[in-house]
Visitor: 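Structure provided below as structure tokens; questions to follow.
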Amino acid sequence: MKAKAAILVGLAAFSLSACDRGGDRPVAPPEAGAPAEAWVRKDVVLYLPDRVMKKRADEATLSPYLQAAGAAAETAVRAAPVQPGASGMVLVMVKPGGRSKAWVVTGEPAPSPETLAAAVAAVEAVPAPAVREGPVLVGIGFDAWGGGAAPAGAQPPIPRDWYAHFSKDGGRLDDAFMATVWPD
């Protein structure tokens, strides 16, 4: 009988220790070896000045578009096999006429080319919002499979091949530059 009572007291103590006591102790990190989250959205970055963005796009249509584009990229990443952690930015350029193009910039190691292509295709399949007077360029920051090294170079990041379009003294992300990286 004493053994049975001791077991019940032990179980009760174990059950109480598992209860949340309102944050009086730090939350333990995930178990070692536990799978990392396949996709965590971090931030949204406007690559053009705020005054230009407000002139060209309505927040009421751009914001839901970015939510849908981020969700599309997430779906593509979650469908891919687990890979080493990566951090980066999905860049989306939207031009008048409902046209959009996407790029993914990550640190090393990058996800597989197939995963990157699937994410780009998924984002580009999202119907683009109306913009006026020129293109807009927006980035959606993310960590995939626990995150990794940040993209090298400019912050916020741009695709590596875009650097070839700058002079050795640098450059600006203006309409002329965007027409160079994505000609009509």
Side-chain angles (χ1 to χ4, degrees), residues 29-48 53 56-57 61-131 134-166 171 173-184:
E31 287 182 35
E37 190 67 32
W39 177 275
V40 175
R41 180 176 155 175
K42 293 174 25 179
D43 53 3
V44 172
V45 177
L46 306 179
Y47 279 75
L48 299 174
M53 292 294 294
R56 294 183 177 180
T61 56
L62 186 61
S63 182
Y65 168 73
L66 293 172
Q67 289 288 337
E74 176 179 358
T75 298
V77 168
R78 287 186 183 278
V82 174
Q83 299 172 43
S87 293
M89 187 80 65
V90 175
L91 280 78
V92 184
M93 187 183 301
V94 180
K95 289 184 174 183
R99 299 172 293 153
S100 68
K101 183 163 177 56
W103 297 263
V104 179
V105 182
T106 68
E108 295 297 332
S112 72
E114 296 81 12
T115 300
L116 295 176
V120 166
V123 170
E124 290 178 349
V126 176
V131 298
V136 298
L137 181 62
V138 181
I140 304 166
F142 68 89
D143 283 337
W145 302 290
Q155 292 301 320
I158 60 173
R160 288 176 187 92
D161 60 330
W162 289 16
Y163 288 101
H165 301 288
F166 287 127
L173 287 174
D174 57 14
D175 290 355
F177 181 83
M178 289 189 281
T180 300
V181 298
W182 183 27
D184 285 327

Visitor: Could you tell me which non-hydrogen atom of V104 sits nearest to which non-hydrogen atom of A119, and how far apart they are?
Guide: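 Taking every non-hydrogen atom into account, CG2-CB, 4.4 Å.
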Visitor: Restricting to non-hydrogen atoms, name the atom on T61 and the atom on A130 that form the minimum distance, rounded to 0.1 Å.
Guide: OG1-O, 4.4 Å
Visitor: Can you list the residues that meet the salt bridge (charged side-chain N to carboxylate O under 4.0 Å, His left out) rule with E124, with sequence neighbours excluded?
Guide: none
Visitor: Are any of the side-chain heavy atoms of L173 and I158 separated by less than 4.5 Å?
Guide: yes
Visitor: Does T180 have any side chain to side chain contact (heavy atoms under 4.5 Å, CB included) partners at least two apart in sequence or in another chain, and if so, which?
Guide: H165
Visitor: Locate the shortest heavy-atom distance separating M53 from L48; write the atom from each residue and the value.
Guide: CG-O, 3.7 Å
Visitor: So W39 and T75, side chain to side chain contact (heavy atoms under 4.5 Å, CB included) or not? Walk me through it.
Guide: CA-CA 9 Å; W39 177 275; T75 298; over 6 Å; no
Visitor: Going by atom type alone, with no hydrogens or angles, which donor-acceptor pairs under 3.5 Å involve a side-chain atom of residues 79-91 and a protein atom two or more places apart or on another chain?
Guide:
unit_1	atom_1	unit_2	atom_2	d
Q83	OE1	S112	N	2.7
Q83	NE2	P81	O	3.2
Q83	NE2	T115	OG1	2.7
S87	OG	D143	OD1	2.5
S87	OG	G148	N	2.9
S87	OG	G148	O	3.1

Visitor: With sequence neighbours excluded, what pairs up with K95 under the salt bridge (charged side-chain N to carboxylate O under 4.0 Å, His left out) test?
Guide: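 Result, salt bridge (charged side-chain N to carboxylate O under 4.0 Å, His left out) vs K95: D184.
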Visitor: Salt bridge (charged side-chain N to carboxylate O under 4.0 Å, His left out) with D174: which residues, sequence neighbours excluded?
Guide: none
Visitor: Give the table of side-chain donor-acceptor pairs shorter than 3.5 Å for residues 62-72, with sequence neighbours excluded, one pair per line with atom names and distance.
Guide:
unit_1	atom_1	unit_2	atom_2	d
Q67	OE1	R41	NH1	3.3

Visitor: Restricting to pairs with a member in residues 75-95, which pass ring pair (Phe, Tyr, Trp, His ring centres under 6.0 Å), not counting sequence neighbours?
Guide: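 As it turns out, there is no ring pair (Phe, Tyr, Trp, His ring centres under 6.0 Å) pair with a partner in residues 75-95 once direct neighbours are skipped.
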Visitor: What pair of heavy atoms forms the shortest contact from P151 to P157, and how long is it?
Guide: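 Between these two residues, the closest heavy atoms are CB-CB, 3.7 Å.
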Visitor: Give every residue pair that meets the salt bridge (charged side-chain N to carboxylate O under 4.0 Å, His left out) criterion with at least one member in residues 146-165, sequence neighbours excluded.
Guide: E108-R160
Visitor: Not counting sequence neighbours, list each pair that qualifies as a salt bridge (charged side-chain N to carboxylate O under 4.0 Å, His left out) and has a residue in residues 63-84.
Guide: E37-R78, E74-R78
Visitor: Which atom names give the shortest non-hydrogen contact between V123 and A102, and what distance separates them?
Guide: CG1-CB, 3.7 Å
Visitor: Can you list everything that forms a ring-ring contact (aromatic ring centres under 6.0 Å, His included) with F177? Sequence neighbours excluded, please.
Guide: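 If we apply the ring-ring contact (aromatic ring centres under 6.0 Å, His included) test to F177, skipping adjacent residues, the hits are W162, F166.
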Visitor: Which atom names give the shortest non-hydrogen contact between W145 and A36, and what distance separates them?
Guide: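 What the structure gives for the nearest pair is C-CB, 3.4 Å.
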Visitor: Report yes if the side chains of V94 and P129 come closer than 4.5 Å at any heavy-atom pair, otherwise no.
Guide: yes
Visitor: Got a sec, which residues hit side chain to side chain contact (heavy atoms under 4.5 Å, CB included) with A149, two or more places apart in sequence or on another chain?
Guide: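 None.
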